[in-house]
Amino acid sequence: MITDDWFLLGAPWDCSGSGRGEQAAPAALRAAGLAAMVERDLGDAACAIDSVERDVRTGVLALRETVHAAHALAADLERAMRDLPAQRPLVVGGDCSILLGIVPALRRSVGPVGLWFLDGHPDFSDGAGSETGETADMELAVLTGDGADPLVELAEVVPMVPADAVVMLGHRTSGLDAASARELARVPEALHRIDAAAVAVDPAAAGRRAAALPPDPDLRMWLHLDLDVLDGEALPAVSYPQSRGLDWDQLAAVMEPLARSPRLLGVSVADFRADLDPTGEHAARILDLLDRVLP
């Protein structure tokens, strides 16, 4: 058991609408023992997406269904935070665009929030620039106010998270193809960044540096983990694996100062492809990581 301070909420959300393995991740992690590690398991939000229609005007895949999924996840998370005020949420996706449901719930529950964003990609594309139109290509842009109106307005305040309240960690900055380089160039200067190479040099120091950002001791923070921050050799069971990433020990070291911060509101975990883990070995490694880092 991690501690009795956490509740679990599953988010079987696959923004591709294709039924690939992210939507099966909450069930797979429960089967590996995750529910027994927290005080309470609240089941899954009704946030599955099955549309593969790309919106003509915005270029966003499954736009209408994504808005519906975001409202459903936000409602369940907001209700849980109201009913369980002494416990913190552990939201397990699903892909990274679960943040489009999480952050509106946080805004309504606690007000302004910041974001520690551990991800191998910046997720700062837009509907026109994304090859796939998947919201997992663009959720950080949306949260900071750059994207299709139905998405950026999900919390009824724009931006949901100001760029200077975001710390991006673990993204790759070398060996990028042209599209990835263009995406990285879209990230605002105000957004705090510690790339994968910098994290790998001294992960614990990188975590301490990030824990001090943004420099507002009263701003509550959400910690988001996209598992593709790991090197593809360490965890191949993600949708878009990359090289030049972190290993498991480096990831634990950078997460620990964030997970133990008094500013922490909760944690989300995304992009585990259960369909690429037939033996369950990768699910077990994810649970081991959470057991190591969550207080």
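The chain is numbered in sequence order, starting from 1.
At a threshold of 4.5 Å between non-hydrogen side-chain atoms, the residues Val110 and Val113 count as touching. Looking at Tyr240 and Asp271, their side chains never come closer than 4.5 Å, going by heavy atoms from C-beta outward. Residues Asp146 and Val152 have side chains not in contact (no heavy-atom distance under 4.5 Å, counting atoms from C-beta outward).
Note on Leu42 and Val269: separate hydrophobic clusters, where clusters join Ile, Leu, Val, Met, Phe, Trp and Tyr whose side-chain heavy atoms are under 4.5 Å apart, directly or indirectly.
Note: Asp83 CG to Phe7 CZ = 9.0 Å, rounded to the nearest 0.5 Å. Once rounded to the nearest 0.5 Å, the distance linking CE of Met168 with CZ of Phe124 reads 8.0 Å. From Met160, atom CE reaches atom CG of Leu99 across 9.5 Å, with rounding to the nearest 0.5 Å. The CD atom of Glu256 sits 10.5 Å away from atom CZ of Arg208, with the distance rounded to the nearest 0.5 Å.
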Please report the C-alpha distance between Arg182 and Asp177 in whole Å, then the side-chain angles of each, then the deciding distance to 0.1 Å, and finally whether the salt bridge (charged side-chain N to carboxylate O under 4.0 Å, His left out) criterion is met.
CA-CA 9 Å; Arg182 286 194 299 271; Asp177 60 26; over 6 Å; no

Apply side chain to side chain donor-acceptor pair (under 3.5 Å) to the pair Asp228 and His121, showing each step before the final yes or no.
CA-CA 8 Å; Asp228 71 15; His121 307 85; 2.9 Å; yes

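Across every non-hydrogen atom of Val158 and Gly145, the tightest pair is CG1-CA, 4.1 Å. Pairing each heavy atom of Gln87 with each of Trp6, the nearest pair is OE1-O, 3.9 Å. Here the closest non-hydrogen pair linking Pro241 and Pro236 is CG-O, 4.4 Å. Between Ser125 and Ser130, the shortest heavy-atom contact is OG-N, 3.2 Å. For the residue pair Leu115 and His224, the shortest heavy atom distance occurs at CD1-CB, 4.1 Å. Counting all heavy atoms, side chain and backbone alike, Glu22 lies closest to Asp14 at OE1-OD1, 3.7 Å.
Arg263 has no carboxylate O lying under 4.0 Å from a charged side-chain N of Asp216, or vice versa, which leaves the two without a salt bridge. Comment: Glu131 does not engage Arg54 in a salt bridge, judged by the lack of any side-chain N to carboxylate O separation of less than 4.0 angstrom. Using a cut-off of 4.0 Å between Lys/Arg side-chain N and Asp/Glu carboxylate O, Arg172 and Asp119 are scored as not salt-bridged. Between Asp41 and Arg30 a salt bridge is recorded (basic side-chain N to carboxylate O distance below 4.0 Å).
In this view, Ala274 and Ala24, Ala28, Phe272 satisfy the side chain to side chain contact (heavy atoms under 4.5 Å, CB included) rule, not counting sequence neighbours.
More than 12 heavy atoms of other shown residues, nucleotides or ligands fall within 6.0 angstrom of atom CZ in Arg260.
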